[in-house]
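Each remark here refers to the structure printed beneath this line.
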Amino acid sequence: MISVTLQEQVDLQAFNTLGVSAVAEFYCQVNSAQGLAEASDWASDRNIPITLLGGGSNVVLQPTIAGLVIHNQIMGLQCDPHDEHSTLVSVGAGESWHDTVRTTLERGLYGLENLSLIPGTVGAAPVQNIGAYGVEVKDHFWRLTAFDRFAREWVTCDSAFCQFAYRDSVFKRSPGRYLISEVSFLLSHRFEPVLSYGPLAALQPTAGNALTGIQVSDHICALRSQKLPNPAELPNAGSFFKNPVVDVAQFQRLKQTFPDLVAYEVPEGVKLAAGWLIDQAGFKGYRDPDTGVGMHSEQALVLVNPKHADATAIFKTVAMIQQAIQRRYGVALEVEPVLIG
Ligand code: EPU
């Protein structure tokens, strides 16, 4: 007997930003940590797989999802003093990421401003270590609470445990094991803007003209709105591919053939702008004539799904783009969202 309400055969089209039609065998919404554990145990007792769904902004759903889909709607935000320079902010995993960023800024707590307007929930943020404009969530992460389905117990995970990497973490590598209920961030009382990313240079504070966290957030919202389509108007899941990393020798060879190639050094080698690769290969604004699936006309890294096509149609276009990029540049593009079902 569990306190959450289970439903059968629920269509998830409204719960994923690619607007894919997908039917969950079982579905429930949870709004407490206890409900999360109960739903998990219900599935474990029946040997049923589970999928934890947040904002559905980084997933591609198959037409049928076997097992139980748990829709995480655990809310709440609590501030606790940490030391004289910083505050610990603990947030329910089901809260909207962007609303959380704005709330922290309004309370004079800084660090998350560059991550404004990223779609999705707080619980999903550490899973793929969301990042934008020179900041990743790991930079301000303190710890999270999750239900470990294997051990059937609650665990507290610090940054080392999470094994954060570029759009990656232990949670992304072991799907279905950890159900995140709450995430805590350590945020600063002092605003120290990170303006290293090219398009933010215009914001450099000048003498007598102080910059605020809200201003940085507003600027980033404007930048993102120009390039990234609003899922409510044009279904998408943000960047569909990761920016690939190649070794220096391969980068130099590519640079000879493609002198304008956009890239920057990272410890593992050279990271290429996948949006540039796709754009220059001629796919910016591409649409599959049958399914409508294509790449956004303002940012070629964003796959769009205007006709709510299914996962098969999406991966047909994905495979075509990956093959074209492999042929043209000898580079493998890795899909960023998670395939479910
Ligand atoms: N570019 C093109 N054509 C395009 C797209 C990009 O030439 O169609 C060039 C741009 O001119 C720029 C470079 O590629 O010189 C990089 O483009 P952009 O600044 O838009 O960033 P990105 O590398 O394409 C990454 C993240 C975004 C994040 C932005 C800003 C990944 C996979 N994507 O995109 O994250 O918002 O940087 O920091 O790392 C997401 O993960 O869903 C996401 C949107």
Side-chain angles (χ1 to χ4, degrees), residues 16-18 54-60 97-98 101 112-121 124-139 164-169 172 194-203 216-217 219-231 234-246 254-255 258-266 268 270-286 294-305 318 321-322 324-325 328-329 331-338:
N16 72 97
T17 63
L18 273 169
S57 56
N58 201 47
V59 290
V60 183
W97 173 261
H98 176 68
V101 171
L112 304 180
E113 51 278 359
N114 287 30
L115 304 178
S116 297
L117 211 60
I118 294 183
T121 57
V127 176
Q128 55 148 343
N129 183 25
I130 58 170
Y133 305 99
V135 175
E136 290 181 329
V137 88
K138 74 170 171 53
D139 302 333
F164 291 121
Y166 170 58
R167 296 295 188 278
D168 199 25
S169 73
K172 198 166 173 182
V194 177
L195 305 175
S196 49
Y197 199 83
L200 301 187
L203 283 178
V216 170
S217 172
H219 189 79
I220 283 169
C221 290
L223 282 175
R224 289 185 72 92
S225 307
Q226 277 163 22
K227 284 189 174 187
L228 302 170
N230 178 349
L234 183 54
N236 75 90
S239 299
F240 203 87
F241 299 102
K242 294 185 188 181
N243 286 329
V245 176
V246 298
L254 280 168
K255 191 79 181 164
F258 305 101
D260 297 334
L261 179 63
V262 179
Y264 46 98
E265 279 180 36
V266 291
E268 313 82 51
V270 182
K271 193 178 266 191
L272 310 179
W276 187 93
L277 300 176
I278 297 169
D279 183 350
Q280 294 299 310
F283 293 111
K284 192 174 194 162
Y286 167 84
M295 306 312 289
H296 188 43
S297 51
E298 306 302 318
Q299 210 318 0
L301 193 50
V302 176
L303 181 140
V304 294
N305 186 22
V318 167
I321 301 262
Q322 284 173 320
I325 297 303
R328 185 176 163 94
Y329 307 102
V331 172
L333 283 185
E334 203 182 317
V335 168
E336 204 211 286
V338 178

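Remember, predicted model here, so these are calculated numbers, not experimental data. Start at 1 and go down the list; that is how both ligands and their atoms are numbered.
Closest heavy-atom approach to atom 38 (O) of ligand 1 among the candidates Tyr133, Phe240, Trp276: Tyr133. Among Ser297, Ser239, Pro337, the residue whose heavy atom lies nearest to atom 40 (C) of ligand 1 is Ser239.
Every atom of ligand 1 with a heavy atom of Phe241 under 4.0 Å away is listed here by number and element: 32 (C). Of all the atoms in ligand 1, the ones that sit under 4.0 Å from a non-hydrogen atom of Tyr166 are 31 (C), 32 (C), 39 (O). Ligand-side atoms of ligand 1 in range of Glu336: 32 (C), 40 (C), 41 (O), range being under 4.0 angstrom from any heavy atom. Within ligand 1, the atoms closer than 4.0 Å to a non-hydrogen atom of Val262 are 13 (C), 15 (O), numbered from 1 in the order shown. Listed by number with element, the atoms of ligand 1 under 4.0 Å from a non-hydrogen atom of Gly238 are 42 (O). Residue Lys284 approaches ligand 1 through these ligand atoms, each under 4.0 Å from one of its heavy atoms: 3 (N), 4 (C), 8 (O).
At least one side-chain heavy atom of Val302 sits under 4.5 Å from a side-chain heavy atom of Leu228. Considering only heavy atoms from C-beta on, Tyr166 stays 4.5 Å or farther from Asn129 through its side chain. The shortest distance between side-chain heavy atoms of Trp97 and Ile130 falls below 4.5 Å. Considering only heavy atoms from C-beta on, Thr17 stays 4.5 Å or farther from Pro235 through its side chain.
Ranking the protein heavy atoms by distance from atom 10 (C) of ligand 1 puts Lys227 NZ, 4.8 Å first. Ranking the protein heavy atoms by distance from atom 25 (C) of ligand 1 puts Asn243 ND2, 4.2 Å first. Protein heavy atom in closest approach to atom 14 (O) of ligand 1: Ala273 CB, 3.3 Å. Atom 21 (O) of ligand 1 has its closest protein heavy atom at Tyr197 OH, 3.1 Å. Protein heavy atom closest to atom 3 (N) of ligand 1, with residue, atom name and distance, is Asp279 OD2, 2.7 Å.
Backbone and side-chain nitrogen or oxygen atoms of Glu298 are examined, and none is located within less than 3.5 angstrom of a nitrogen or oxygen of ligand 1. For ligand 1, one of its N or O atoms has an N or O atom of Ala300 under 3.5 Å away. Here's the thing with Tyr264: none of its N/O atoms is less than 3.5 angstrom from an N/O atom of ligand 1. Considering both main-chain and side-chain atoms, Gln299 comes within under 3.5 Å of ligand 1 through a nitrogen or oxygen pair.
A cation-pi arrangement is absent between Lys172 and Phe164, since the terminal nitrogen or guanidinium carbon is not both under 6.0 Å from the aromatic centre and inside a 45° cone about the axis.
A salt bridge links Arg167 with Glu336: at least one charged nitrogen is closer than 4.0 Å to a carboxylate oxygen. In this structure, Glu334 pairs ionically with Lys242, as a charged nitrogen and a carboxylate oxygen lie closer than 4.0 Å.
Proximity of a side-chain donor or acceptor of Gln299 to a complementary backbone N or O of Lys227 within less than 3.5 Å is not detected. Judged by distance alone, with hydrogens and angles left aside, the side-chain atoms of Tyr133 form no donor-acceptor pair with the main-chain N or O of Leu195 at under 3.5 Å.
Residue Arg167 places a heavy atom less than 4.0 Å from ligand 1. Assignment of Arg224 to the shell around ligand 1 is supported, since a heavy atom sits closer than 4.0 Å.
The closest side-chain donor-acceptor pair between Ser217 and Ser116 falls under 3.5 angstrom.
Heavy atoms from both the backbone and the side chain of Ala132 come within less than 4.0 Å of ligand 1.
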### Message
Ile278 vs Phe241, test: side-chain contact (heavy atoms from CB on, under 4.5 Å). Steps then yes/no.
### Response
CA-CA 10 Å; Ile278 297 169; Phe241 299 102; 3.7 Å; yes
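Heavy atoms only, all atoms of each residue included: Asn236 and Asn230 are closest at ND2-C, 4.1 Å.
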